Amino acid sequence: NMEKTLSTKKVYECPIFWVEEAEVELPDGSRAKRWYVVRRDAVLVICLRNDKITFLREFRSASQSVEWRLPSGGVKEGEDPKDAAIREVREEVGLEPLDIKLLKTFDNPSSTIKQKAHCFIATQFKDNPLDTGEPEEKFNEIRELTFDEAKALLDDGEFSASIEKGLRLFFSQQNQL
């Protein structure tokens, strides 16, 4: 390990993230400061139905654009990631996954963001929508894409980092079957 964390403190907090300031010791014994954005764990779900993957097209205010994504969201405090994954699919797609397995947990998406992303695969469903009361949810467009259509979007760089990692791992495992 190149540097040792000596202390951390929360210096800012809002509903979706907080900022942590860390003091570190470098290999030569000198000290430096680091700042990280810390987010609650996230879940993303690859929903497989009739050899297709369920995606959402959603307006993202930060980028001011419509983006492709998987059903996903934050893990609430004290919530099990698997339960969060089931809840997010119910909220965003209106289906309850009956067969859902963890594919992989990915660690920090970048050098300045601390967050784990739990990627699940769901294969059996029943209708069981969950209304979040969030007005934005009704504007999401749900699209079922073939594996080839999803791979083309992947090759075009259409997904965020954690969704891209999850899909690449999923497709690499499909090729081994």
Side-chain angles (χ1 to χ4, degrees), residues 14-18 36-63 66-110 113-151 153-154 157-177:
C14 75
I16 60 167
F17 67 85
W18 60 93
Y36 308 104
V37 172
V38 185
R39 302 195 57 170
R40 285 195 199 288
D41 284 9
V43 292
L44 46 127
V45 187
I46 298 170
C47 295
L48 300 175
R49 299 171 65 209
N50 310 318
D51 293 321
K52 292 187 173 184
I53 302 173
T54 304
F55 288 93
L56 297 159
R57 301 246 321 133
E58 180 182 61
F59 178 77
R60 306 299 265 182
S61 58
S63 64
V66 176
E67 296 179 10
W68 287 96
R69 66 179 187 80
L70 292 169
S72 55
V75 178
K76 295 178 178 173
E77 198 164 346
E79 188 178 33
D80 179 77
K82 187 175 184 177
D83 294 335
I86 291 168
R87 175 180 49 76
E88 287 294 342
V89 176
R90 287 182 63 204
E91 288 174 357
E92 296 182 350
V93 185
L95 297 172
E96 179 178 341
L98 303 174
D99 180 29
I100 186 166
K101 306 187 252 319
L102 181 67
L103 175 64
K104 183 169 181 174
T105 296
F106 297 101
D107 276 323
N108 303 350
S110 80
I113 299 172
K114 289 184 177 183
Q115 182 183 41
K116 282 185 170 51
H118 307 277
C119 182
F120 290 87
I121 297 178
T123 52
Q124 302 290 318
F125 304 89
K126 70 175 184 187
D127 286 328
N128 190 8
L130 183 63
D131 185 10
T132 60
E134 293 175 23
E136 303 88 2
E137 300 259 337
K138 68 175 172 287
F139 299 113
N140 292 347
E141 179 189 347
I142 299 168
R143 298 276 297 277
E144 309 262 326
L145 301 183
T146 64
F147 287 10
D148 286 343
E149 289 168 328
K151 286 176 185 171
L153 289 173
L154 200 52
E158 289 290 328
F159 300 112
S160 67
S162 54
I163 291 174
E164 180 174 329
K165 280 186 197 169
L167 287 170
R168 287 200 188 282
L169 179 60
F170 169 73
F171 286 131
S172 74
Q173 292 187 356
Q174 294 302 299
N175 294 338
Q176 293 163 14
L177 297 178

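Not measured: the values here are computed from a predicted model. Numbering of residues begins at 1 and proceeds along the displayed sequence.
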- Task: Could you tell me whether F170 and F147 have their ring centroids closer than 6.0 angstrom?
- Result: yes

- Message: Can you list everything that forms a side chain to side chain contact (heavy atoms under 4.5 Å, CB included) with D127? Sequence neighbours excluded, please.
- Response: L95

- Residues which pass side-chain hydrogen bond (donor to acceptor under 3.5 Å, both in side chains) with R87, listed by chain and number, not counting sequence neighbours: E79, E91

- Item | With D80 via side-chain hydrogen bond (donor to acceptor under 3.5 Å, both in side chains) - residues at least two apart | none

- Message: According to ring-ring contact (aromatic ring centres under 6.0 Å, His included), who are the partners of F106, at least two apart in sequence or on a separate chain?
- Response: none

- Query: Quick one: salt bridge (charged side-chain N to carboxylate O under 4.0 Å, His left out) partners of R57, sequence neighbours excluded?
  - Reply: none

- Task: For F159, enumerate each residue passing the ring-ring contact (aromatic ring centres under 6.0 Å, His included) test, keeping only those at least two apart in sequence or located in another chain.
- Result: F55

- Task: Report the residues that fulfil ring-ring contact (aromatic ring centres under 6.0 Å, His included) with F59, sequence neighbours left out, ordered by chain and then residue number.
- Result: none

- Message: Run the side-chain hydrogen bond (donor to acceptor under 3.5 Å, both in side chains) test against E149 and tell me which residues pass, sequence neighbours left out.
- Response: T146

- Can you run down the salt bridge (Lys or Arg N to Asp or Glu O under 4.0 Å) pairs that involve residues 36-48, sequence neighbours left out, and say none if there aren't any? R40-E77

- Can you sort out the partners of T54 under side-chain hydrogen bond (donor to acceptor under 3.5 Å, both in side chains), two or more places apart, ordered by chain and number? E144

- Task: Go through the structure and list residues passing salt bridge (charged side-chain N to carboxylate O under 4.0 Å, His left out) with D51, not counting sequence neighbours.
- Result: none

- Message: Under a 3.5 Å distance rule, please check whether E141 uses its side chain to pair with a backbone N or O of L56 as donor and acceptor.
- Response: no

- Could you list the residues that satisfy salt bridge (charged side-chain N to carboxylate O under 4.0 Å, His left out) with K104, not counting sequence neighbours? none

